[in-house]
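Data first, discussion second: the structure below is written as structure tokens.
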Amino acid sequence: MSLNDDDLLKSYRWMVLTRCFEQRACDLQYQRNLPELEHASIGQEAIGVGACYGLRPDDVVHPSLRTRAAFLLRGVTPARAMAACYGKATGAARGKETSHHMGDKALGLVAGSGVVGGSIAVAVGTALGCKLLGASRVTLCFFGDGASNRGDFHESLNLAAIQKLPVVFICENNLYALSTPAAYHLPIANVADRAGSYGIPGIVVDGNDVVAVYEAVQQAVSRARQQDGPSLLECKTYRWRGHSERDLKQGSYYRSSEEVELWKSRCPIKRLREHLMAKGVLKEKMVEEIEKEVSAVIDHAVEFAEQSPFPAPEEALENVYTTQDGSLR
Ligand SMILES: Cc1ncc(C[n+]2csc(CCOP(=O)(O)OP(=O)(O)O)c2C)c(N)n1
Ligand SMILES: [Mg+2]
């Protein structure tokens, strides 16, 4: 259940890829006026990577608007993800949804919505469905600290606990819900403590440590797979940029530059890089090669997105409504 050196190198590359993708998407926001408003997860990459790394392809994932890594790791190519940022027909959402609310049924990624915390109840639904079908598939559900104050969160944890559903709730606690600090909107120190009300394990994890996230999620996943019920993991982390690229001066009006710098010094990518270099698994030259290779992948993704067509107007209602037999039209 532990990650070997090869797994760690792969996790490192996934984190670098996620950061490079988002950095470029943020830059393009200003250069190309992208239709999508970026909500970057820069600083939080270890959560999506650590949580999704050991999953089975038939497991189900509900990413939050901040779980970019989950899409890439589950198999949405950077080109399809970038095309989604451009609203192009070749994007995973075929131009109908922003890239952070898109889904891909074949890859076990359920589309989200603009309603904060809205996917928590839906994730309980997918877990219930898997259980009723007798499948050993596990559902991972990501959401933010702010979402954990919604009624949906409490109702969903209660039902999942009572029914012992195979679901792992993963709170990405980045200490802010938009401009509201967690210390202002949470009356307790840890979201994980809320698990006690539902009789399920609640675990606080260092969300900037990809290995810690992987191990905690694997433990919760194996509990869920054995039909022992859900868990609530709280990954403590921090977003480096604003809530979105619309945030004035990257949110500097509601947080201090000292706080941002402190969290930058806890960078999850730097942390794994230093660990791997100390072990002799990663060398300076390999670091440069990974960065070069990833940058070329993102260059290609941007080229693909720019050259792709917008969806045709007559496709607007496709895959929106179901027919009476339940198929999409
Ligand atoms: C029900 C609802 N209320 C408010 C909003 C506006 N909104 C979008 S994201 C967000 C903050 C969410 O904070 P959190 O759950 O901590 O996630 P984070 O953005 O920090 O990852 C808010 C208030 C919304 N989309 N839906
Ligand atoms: Mg938050």
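Start at 1 and go down the list; that is how both ligands and their atoms are numbered. Just so you know, residue 1 is the first one in the sequence shown, and it goes up from there. Just so you know, these numbers use all the heavy atoms, side chains as well, and skip hydrogens, waters and symmetry mates.
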Can a donor-acceptor pair be found between the side chains of [X] and [Y] at a distance below 3.5 Å?
{"X": "S64", "Y": "E172", "answer": "yes"}
{"X": "R239", "Y": "S41", "answer": "no"}
{"X": "Y254", "Y": "D247", "answer": "yes"}

Once rounded to 10°, what is the value of the angle centred on the Mg ion (ligand 2) between N174 OD1 and D145 OD1?
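If I round to 10°, I get 90°.
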Crowding at CG, D6 (>12 non-hydrogen neighbours, <6.0 Å)
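Yes, enclosed.
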At under 4.0 Å between heavy atoms, is it the side chain or the backbone of [X] that contacts ligand 1, or both, or neither?
{"X": "R150", "answer": "side chain"}
{"X": "F143", "answer": "neither"}
{"X": "H39", "answer": "neither"}

Can you confirm, on distance only, whether ligand 1 has an N/O atom lying under 3.5 Å from any N/O atom belonging to R239?
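No, no N or O pair falls under 3.5 Å.
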Please state which option from V116, D145, V115 has its nearest heavy atom closest to atom 7 (N) of ligand 1.
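Among V116, D145, V115, the closest heavy atom to atom 7 (N) of ligand 1 belongs to V116.
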Would you check if the Mg ion (ligand 2) lies under 2.8 Å from any N, O or S atom of Y176?
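Under 2.8 Å: Y176 contacts the Mg ion (ligand 2) through an N, O or S atom.
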Would you say G114 touches ligand 1, if touching means a heavy atom closer than 4.0 Å?
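A heavy atom of G114 does come that close to ligand 1.
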Pull out every atom of ligand 1 sitting under 4.0 Å from any heavy atom of N174, numbered as shown with elements.
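That gives atoms 18 (P), 20 (O), 21 (O) of ligand 1.
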Do we get K88 above F310's six-membered ring, with its NZ or CZ under 6.0 Å from the centre and within 45° of the axis?
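Here K88 passes the 6.0 Å and 45° test against F310.
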Taking the cut-offs as 6.0 angstrom to the six-membered ring centre and 45 degrees off its axis, would you call R19 and W240 a cation-pi pair?
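Ring-cation test returns yes.
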